[in-house]
Structure formats: C-alpha cells, structure tokens
Number of protein chains: 2
Amino acid sequence: MITERLSRQIEFIVEMDKMKQIYRKNFVIGGERHETDAEHSWHLAIMAVLLAEHVDKAQVDVLKVLKMVLIHDVVEIDAGDTYCFDQQAGLDKAVRETQAADRLFGLLPDDQAGEFRALWEEFEQKQSPEARLADALDRLQPLLLHYHTQGKSWKLNNITSDKVKTRNQRTAAVAAELGQLVDEIIQDAVRKGYLKK
Amino acid sequence: MITERLSRQIEFIVEMDKMKQIYRKNFVIGGERHETDAEHSWHLAIMAVLLAEHVDKAQVDVLKVLKMVLIHDVVEIDAGDTYCFDQQAGLDKAVRETQAADRLFGLLPDDQAGEFRALWEEFEQKQSPEARLADALDRLQPLLLHYHTQGKSWKLNNITSDKVKTRNQRTAAVAAELGQLVDEIIQDAVRKGYLKK
C-alpha cells in the first residue's frame, strides 16, 4: 500500500486535471478555440525561464517564479475564470478564490499545502520580485495571443487600447525592455485595427 | 525598439503556442477531448514539484527537472506526437525530432538555444537523476489519466496490461513508492475492466 502522503499528492494531481477544462477569454493562436488555464500556465512557465533575465535591479529566484506561475490560477477550478475587464464579477472574486484555495491546497500534505498557499498569496499580493515578474508575464502572455489572433477577443469584448495599457502599466517598472515591448505591441495593434483607440 | 535578443525570445514564445494544438492519444479526465501537449507538460511540472521528494538515493535539481518537462515535447511542433505503442512511427522518430530541435531551439539566442537543446537531449537519454525522474513522470501522468477515464484510450487502442507494465517498468528504480503506485493502478485497472490482461 502507498503512504497517506503519496495518496494525498496524487489526489491533488488528479484534481488539477480540471485546469484543462477551464477556458479563458483569449483564443489560442490560429483562433479556433479558447485557451485553457493549464495551457496558459505552461506558457507562462516557458516565458519565466526565458525572460527572467530582463528583470531590473532585483535578482529573481526562477524556481519560485516557476512554482508561482504553475499554480497561480488553480483556484479557478472552484472559483471559475474571472474576466479581467469584468468589474462586476471582480467584486466577490477574492472571497470565491480564498474558499477555493482552502479546499484545493487542503488536499495536499500540510507542508506542501502551506508552500503552495504561501506562493499563491505572494502572487496575489504582487509585491515580491518573483510575484511582480509572474504578474507582468500573466499580462504579457495574453497580450501576445490577442495580437497574434488579430485582436479577435478584444473585438468581441469591445476592449480599447486604454484598458490594455492600464492592465500592462506595471510591466515597465518590472523590466524596462518588457515595458517597451508592451508599448510597441499595443501601438502596432491599434495601427493594424486589432484594437480600438 | 526592443533588442534582437528579446525579439528572438518572443518569436520562440509565440511559436510555442502550437503546443496547444498538438493532441495526445489520452483524454482529459471527463473524457470529452484529447489532452494537448501544453496541458500535459504543465501537469508534469506540477507533479515534479510535488513528487521529486520520492526519488531514491540521488538528490535531484528540481529547477532542472521543471525546465526539462516544460520543453520535453516541443519538438512535436514539427515532428508530431508519436504514439508510444506505435512501433512503425517510432522508426524515424529520432530523425524527425532532431530536425525539429534544430529549427525550434534555433529560434532562441545562442546561449538559451544551447541550454534548451542540452536539456532536451539529457531528457531523451534518460540517464541523469533529473532525466530519469522526468521520464518516470512522463509515463505516470498518462497512466493516471487512462485510469481516471476508465481506460477509454486503452480500449480504443487495444492495449494490454503487459504493455503498460513494460512502459512503466523503470519507475520503481527511480522511486520505489512511485513504482508501487504504478503496480497498484495497473492491478486495479485490470480488476475494474479498464485494461485487458
């Protein structure tokens, strides 16, 4: 018989499969379907490995950033994906997500539950160098997908360039060159008619 | 203008989106569609964080295992997913995947291309502690999905318990308790009629 510890780890791992059935607002490139939370989280992890070097001033712990982006959205298994431009749904988001964190991380052995819970809270607070980078990537990644799907989801949801700029405004403070990249993408998206001014 | 270096990193990151359109043989739990390579890679990364502690003898570098599982399948963007039980397709797999690695990792700045290429080759060789763990997880993860979809893909492809045992036989040498888990899952799958003896 396997130990209780391994049994709890496997229960959590199986529960995580639900991340493949939570669909985000943005489309995968090609545009034929929405992206899942699992795919989004994997994409952020690849970005973290490659782009951590651009962070200004502070050294970042890449392993910590990776763990953070891998689990940053798992509360959506219970709380659902809250569209970032939906102010109404945003109102009770914190309550729904805290309850989800209690249940989901509670499946794990206590020490690992504590580690994941702390990583998730640190991500939500957006203060540490690792959380600031994870947050900037969490905004840059959908920007890339929106741009490479000719703004399909922006158009469907009537999004303007001001909203996108506001959503990405902290990126320049995290990494100057990533901030410049964001500006160039938004300008070009407006120029090409993917995004309304 | 952003640097040539960042521009190459972003080109690779955008190319990686294709991992969301490569469908594997196994189904997501619930069973309504096949799993994508991006989802599979994310799931392995979560497993690596939680299960690395079970590895016997050698200490493993978790950051290295994470990078390895995140990129272990990206060659399938060009080479396609080769079904593990398809002997015919396996014959020219190495050639197709080497050409894919040349093109895909070649998109990156040289130092990062070299790092990813080395990680992918290390994974393929299955010798280092990190590669052996990554490989064991790469076999355990679909086993969990097959079991929790009542063997849907096993039945469709006429797979027997001997084949599944052979495919997972190295796991016990990587981590004794994970090996025991594999045995218990296979036995239970046979007992429940998910998998033919």
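Side chains are part of it too, since the values below use all heavy atoms of this structure and drop only hydrogens, waters and symmetry mates. The structure displayed is predicted, hence computed values, not measured ones. Chain A is the first sequence line, chain B the second, and so forth, proteins listed ahead of strands; every chain is numbered from 1.
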| Part of L181(A) lying under 4.5 Å from any heavy atom of chain B | both
| note | Interface check, chain A: of H40(B), E115(B), M1(B), most non-hydrogen pairs under 4.5 Å belong to M1(B)
| task | Please answer: with hydrophobic residues joined when any side-chain heavy atoms are less than 4.5 Å apart, are V75(A) and Y23(A) in the same cluster? | result | no
| note | Checked L140(B), L145(B), D183(B), V62(B) vs chain A; the most non-hydrogen pairs under 4.5 Å come from L145(B)
| said: Could you go through L144(B) and D17(A), starting from their C-alpha distance and side-chain angles, then the distance that decides it, and tell me whether this counts as side-chain contact (heavy atoms from CB on, under 4.5 Å)? | reply: CA-CA 10 Å; L144(B) 290 172; D17(A) 205 70; over 6 Å; no
| task | Give a yes or no answer on whether the side chain of H43(B) reaches the backbone of I13(A) with a donor-acceptor pair at less than 3.5 Å. | result | yes
| Donor-acceptor under 3.5 Å (Q9(A) side chain, L50(B) main chain) | yes
| Y147(B) portion near chain A, given a 4.5 angstrom heavy-atom threshold | neither
| task | Carefully, step by step, assess I29(B) and M16(A) under the rule side-chain contact (heavy atoms from CB on, under 4.5 Å). | result | CA-CA 10 Å; I29(B) 296 176; M16(A) 286 300 104; over 6 Å; no
| query | Which is it for L70(B) and L66(A) under the side-chain contact (heavy atoms from CB on, under 4.5 Å) test, yes or no, and what are the steps along the way? | reply | CA-CA 10 Å; L70(B) 289 170; L66(A) 284 181; 4.2 Å; yes
| Going hydrophobic residue to hydrophobic residue with side-chain gaps under 4.5 angstrom, can you get from L44(B) over to V28(B)? | no
| query | K20(B) versus chain A, heavy atoms under 4.5 Å apart: side chain, backbone, both or neither? | reply | both
| Atom group of T3(B) that falls short of 4.5 Å from chain A, counting heavy atoms | both
| remark: Between H54(B) and L6(A), the two heavy atoms sitting closest are NE2-CD1, 3.8 Å
| query | Is R5(A) close to E177(B) at the side-chain level, that is, under 4.5 Å between some pair of heavy atoms? | reply | no
| query | Based on non-hydrogen pairs under 4.5 Å, which of Q21(A), E35(A), K67(A), M19(A) is most in contact with chain B? | reply | Q21(A)
| field | Most chain B-contacting option - heavy-atom pairs closer than 4.5 Å, from I46(A), I71(A), D37(A), L178(A) | value | I46(A)
| query | Can you hop from I22(B) to L104(B) via hydrophobic side chains spaced under 4.5 Å? | reply | yes
| Going only through I, L, V, M, F, W and Y residues with side-chain contacts under 4.5 Å, is there a path from L108(B) to V14(B)? | yes
| said: For chain B, which candidate among E184(A), E39(A), Q141(A) shows the most heavy-atom pairs at distances under 4.5 Å? | reply: E39(A)
| query | Is there a path from W42(A) to F27(A) through hydrophobic residues (I, L, V, M, F, W, Y) whose side chains come within less than 4.5 Å of each other? | reply | no
| message | Checking V49(A) against F116(B) for the side-chain contact (heavy atoms from CB on, under 4.5 Å) test, could you report, in this order, the C-alpha distance in whole Å, the side-chain angles of both residues, the deciding distance, and whether it holds? | response | CA-CA 10 Å; V49(A) 173; F116(B) 276 19; 3.7 Å; yes
| Who wins among M47(A), K18(A), E32(A), E53(A) for the most heavy-atom pairs under 4.5 Å with chain B? | E53(A)
